[in-house]
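Atoms considered below: every heavy atom in the structure, side chains included; atoms not considered: hydrogens, waters and symmetry mates.
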Number of protein chains: 2
Amino acid sequence: MGNRYISLKDLANELNVSISTVSRALKDHPDISVEMRQKVKKLAQERNYSPNPLAMGLLKQTTGMIGVIVPDVVTHFYASIIAGIESLARKKGYFVVIASSGESYEKEVEAVENLVKARVDGLIVCLSRETQTYHHFEKIIEQNIPLVFFDRVCLEDRVSCVTADNIDASKRIVHHFKNQGYKRIAFISGPRHLNISKERLAGYMEGLNEAGYPFSPELVEQCNLSLESAKSAMSRLLQLPNPPDAVFGINDTVAFGAMKGIKERKLRIPEDIGLVGFTDEFHATVVEPPLTSITHPTFKIGQEAAKQFFKRMKHQDTHHVSILKTNLIERASSVRNS
Amino acid sequence: MGNRYISLKDLANELNVSISTVSRALKDHPDISVEMRQKVKKLAQERNYSPNPLAMGLLKQTTGMIGVIVPDVVTHFYASIIAGIESLARKKGYFVVIASSGESYEKEVEAVENLVKARVDGLIVCLSRETQTYHHFEKIIEQNIPLVFFDRVCLEDRVSCVTADNIDASKRIVHHFKNQGYKRIAFISGPRHLNISKERLAGYMEGLNEAGYPFSPELVEQCNLSLESAKSAMSRLLQLPNPPDAVFGINDTVAFGAMKGIKERKLRIPEDIGLVGFTDEFHATVVEPPLTSITHPTFKIGQEAAKQFFKRMKHQDTHHVSILKTNLIERASSVRNS
DNA sequence: AAGCTTTGTGCAAAGCTTTGCATGAAGAAA
DNA sequence: TTTCTTCATGCAAAGCTTTGCACAAAGCTT
C-alpha cells in the first residue's frame with residue numbers, strides 16, 4: 001500500500017545502527033565487520049532497497065540524464081540514432097531525455113533552456129533546419145556543459161561532432177550515375193547555411209568535375225527539407241527546358257518528395273529518370289522502386305555521438321570530429337541494365 | 001568557466017539575507033517586503049538562477065519523469081505515440097524517459113525495474129509480444145505507482161488502458177473486402193495471448209458472420225509480429241489448396257511482411273489478392289501500392305495515455321479504459337474497380 | 001597496569017529547497 | 001513608559017546519501 005521507498009534511515013532504524021554504518025556495509029567498506037555487512041545486505045534485499053537517485057544526484061551534482069534534441073522524433077533516421085545513443089547511455093547508467101525542435105529555431109532554443117534547467121549532464125543535438133545563429137550553444141559551451149552535434153553541426157572547432165563523410169558520399173553518387181549512363185545529374189539541396197547542404201553540394205561539384213561533366217547551376221535546386229518543398233523542387237527540375245535524367249536528393253525526406261514528384265508526372269524510375277537518396281536503410285527498402293542510396297549507419301552515428309559525449313564527460317577539454325564512412329547501396333531506382 | 005549552478009545560498013550570501021528570505025521573495029510571499037522581493041528577483045535574473053530540480057524532487061518526492069516502455073522505438077507507430085505522450089507531458093512540466101523492451105519479456109521486466117529505481121513518477125507501457133505474466137506490473141500497482149497501458153494491454157480491471165476499437169475495426173475490414181468482391185478473407189494474427197490478437201480475431205469472425213461468409217480456420221494464420229514471420233505466414237496462406245483472395249494483417253509490420261510475401265510470388269495487389277493493414281498513417285502511404293488500412297490515431301493515443309496518466313496522478317483510485325475510434329481508409333491495395 | 005594500536009561505529013556536514021515556527025524591531029495603543 | 005501588535009526576516013528540519021573525522025572498546029605490548 002505505502003508508496004514510500006525504503007531509505008538507509010529505515011534500514012538503520014530497524015537494525016539499530018547508524019545510517020553511515022548501513023551505507024558503508026552496502027558498499028563492502030572494510031571498516032564494517034563482516035557480520036554487520038551481511039546483516040545489512042540481507043535486510044536491504046528483503047526490503048528491496050534501492051538508493052535514491054535524487055539524493056545521489058544532489059550529492060554528486062549530476063542527474064545521469066543526457067538531453068537529446070532532434071528536428072523530429074518520428075522520422076526513422078532520428079529514431080534510430082536515438083536508439084543508438086540510448087544503447088550506450090543505458091550501459092553507462094544514463095537516461096536519455098528527448099526533445100524535438102520541430103525544425104524550428106525558437107523551439108530549439110527553448111529545448112536547450114528546458115534541458116539545462118532540468119540539469120541534464122550534457123546535450124547531444126542535431127540542428128533544426130532554421131538554425132543559423134548559435135548563441136544558445138555558445139552559452140552551453142561557456143557553462144562547460146558537454147555538447148555533441150551530429151549530422152547537422154556547427155562550432156566544429158569547439159565541440160565534438162559526428163557526421164557522415166558527405167563529400168565522399170556525394171562524389172560516389174555522381175560516379176554511380178555516370179556508370180549507369182545518366183548524363184544530366186540534378187541535386188536537390190537544403191537550406192544553404194546547413195553544413196550538410198554545403199558539403200553535399202561540394203561533393204556533387206567535385207564529382208561532376210572528376211566525371212568530366214559540366215556544372216549547370218539550374219540543376220541545383222533548393223528546398224526546405226520538407227516533403228512538399230522537395231516535391232516542388234522536383235517539379236521545377238522537370239519543367240526545365242533541358243531537364244535532368246538523374247536526381248540526387250539531399251536526405252531521405254527529400255528523396256521521397258522527389259519520388260512523389262516524378263511519379264506524379266508519370267515518369268518511370270529508373271528508365272526515364274534515375275533517383276538516388278541520402279537515406280537510412282529502412283526507408284530505402286520500403287518504397288517502390290527500392291531506392292539506391294547512401295545509407296547512413298544511423299544506429300552507429302548515435303553510438304558514436306554517445307561515445308564522444310562520454311569522452312567529453314571524462315576530459316573537460318576534449319573535442320573531436322568523427323566522420324563516418326557511408327555506404328552506397330545500388331537498388332532499382334538508379335540501375336538501368338541488370 | 002565555472003560549471004556550478006547558482007543556488008539560493010549564493011543569492012542569499014550576495015544580498016546578505018537568509019536563504020528563506022530569498023526563497024520566499026522569489027515566490028512573492030507576502031511576508032517579504034516589496035523592495036526585498038524586487039532586489040532578489042533582479043539578482044536572480046542577472047545570475048540566471050533556476051531552482052535545482054534534484055533538491056525539489058528530494059523534497060517533494062517526485063522526479064517529474066514518466067517512464068515509457070515500448071516494444072521498439074524506431075517503428076513509426078510507437079515513435080508517434082511517444083510524441084503524443086510527450087506533447088502533453090511537456091505542457092505539464094514532465095519529462096519522458098523511454099525504454100525499449102525489444103519485444104522481449106526479460107527486457108521488459110528489466111526496464112520496469114530500472115525505471116522504478118530511477119524513481120519515475122509513473123509508467124506508460126505497451127506490452128512486449130512475449131509478455132504473458134504480469135507480476136512485474138502487479139508489483140507496480142501494489143506500490144501505488146501510476147500505470148497506463150496502451151495498444152497491448154492487460155489488467156484492465158485495475159489500471160487505465162488506451163486501445164483502438166479493435167473489434168469494430170476488424171468488422172469494417174471484412175465488410176470492405178466483401179464490398180470489393182473478395183470472397184476468401186484471411187487473417188494473419190499475432191501471439192494468441194495478446195489482447196490485440198483476441199479482439200481483432202473476434203471482430204474478424206463477427207464480420208464474417210455478418211457478411212454471411214463461412215469461417216475457415218485454415219485462413220487464420222499466426223505469426224510473431226516480425227516481418228519475417230509475417231511473410232512466412234503469408235506464404236503458407238498462398239500455398240493453401242484453396243488460397244485466400246484477400247488478407248488482413250494484424251498490424252503494420254505484419255501488413256508489410258504480407259506484402260513482401262505476395263510480391264515474391266509475383267501476385268498482383270489488388271487484382272489477384274487484396275490487402276488491408278492495421279497500420280499507422282505514415283507507413284500506409286509510403287509503400288506501393290498504398291495500403292488500405294485501419295489507421296490508428298497514433299499521436300492521439302499518446303495524448304490520451306498521458307491524459308489518463310495525469311488523471312491517475314491526481315486521484316489515487318482512478319482507472320479508465322479508453323477505446324479510440326479508428327478510421328478505415330481505402331487505398332489502392334484493396335480497391336478493384338475505381 | 002599503563003599506554004598504544006586496531007577495529008567497529010557514529011556524528012555531522014554538504015548538496016538545495018521549502019516551510020512552520022521563532023525572533024527581533026518598530027510602531028501603536030494604553 | 002510599558003505592553004501588545006504587526007511586519008520582516010532568520011532558524012532549523014526534512015528529504016537521502018556519502019564520507020572525513022572523532023570516539024569508544026577491546027586487544028596487545030612492555
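Comparing C:dT17, D:dT17, C:dT9 against the side chain of A:I32 picks out C:dT9 as the nearest. Of all nucleotides listed (C:dC16, D:dT18, C:dT9), C:dC16 comes nearest to the side chain of B:S7. For A:A55, whose side chain is taken as the heavy atoms from C-beta onward, the closest listed nucleotide among C:dC16, D:dA8, D:dT17 is D:dT17. Among the nucleotides D:dT17, D:dC16, D:dC11, the one closest to the side chain of B:Q61 is D:dC16.
Put simply, A:S33 has a side-chain N or O that comes within less than 4.0 Å of OP1 or OP2 on C:dT9. Considering only side-chain N and O atoms, B:Y5 lies nowhere under 4.0 angstrom from the phosphate OP1 or OP2 of C:dT17. Phosphate contact (OP1/OP2 of D:dA8, side-chain N/O of B:T21, threshold under 4.0 Å): absent.
Taking the six-membered ring wherever Trp is involved, the centroid distance between the rings of A:F310 and A:H315 does not fall below 6.0 Å. Ring centroid separation for the pair A:Y49 and A:Y5 does not come in under the 6.0 Å cut-off.
To the nearest angstrom, P of D:dC16 lies 14 Å from CG of B:L54. If you measure from atom NE2 of B:H29 to atom P of D:dT9, you get 12 Å, rounded to the nearest angstrom. Rounded to whole Å, atom C1' of D:dG15 lies 4 Å from atom CG of B:L58. Here C:dT17 presents its C1' atom at 12 Å from CZ of A:R119, a figure rounded to the nearest Å. Here the C1' atom of nucleotide C:dA14 and the CG atom of B:L8 are 16 Å apart, to the nearest Å. The distance between atom CG of B:N13 and atom P of C:dG15, rounded to the nearest whole Å, is 11 Å. Going from atom CG of A:L11 over to atom C1' of D:dT17 covers 12 Å, rounded to whole Å. Rounded to an integer number of Å, the gap from CZ of A:R37 to C1' of C:dG8 is 11 Å.
Base-pairing analysis of DNA chain D finds the following stems of at least three consecutive Watson-Crick or G-U pairs, with both pairing distances under 3.5 Å: C:1-30 with D:1-30.
The base of D:dG10 is paired with the side chain of B:R24 by a donor and an acceptor separated by under 3.5 Å.
A:S23 comes within contact range of at least one nucleobase, with a heavy-atom separation under 4.0 Å. Heavy atoms of A:N52 sit under 4.0 angstrom from primed sugar atoms or phosphate atoms, though from no base atom. Within the nucleic acid shown, A:I19 comes within 4.0 Å of at least one base atom, counting heavy atoms only. Counting any heavy atom pair closer than 4.0 Å across all strands shown, A:S20 reaches a base atom.
Listed by chain and number, the residues in a ring-ring contact (aromatic ring centres under 6.0 Å, His included) with B:F309 amount to none (sequence neighbours excluded).
Between B:I196 and the options B:T163, B:D151, B:L127, a side-chain contact (heavy atoms from CB on, under 4.5 Å) holds for only B:D151.
B:K39 NZ: 12 or fewer foreign heavy atoms inside a 6.0 Å radius.
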Exercise for the section: Check the pair A:E113 / A:K117 against salt bridge (Lys or Arg N to Asp or Glu O under 4.0 Å), numbers first and verdict last. Expected result: CA-CA 6 Å; A:E113 280 169 6; A:K117 274 191 195 148; 5.3 Å; no
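Heavy-atom distances to DNA chain D give each of A:K9 and A:K27 a nearest nucleotide, and the one nearer the 5′ end belongs to A:K9.
Although no hydrogens or angles enter the test, the distance criterion places no donor-acceptor pair under 3.5 Å between the side chain of A:R312 and the main chain of A:S160. At least one donor-acceptor pair under 3.5 Å links the side chain of A:E103 to the backbone N or O of A:R129.
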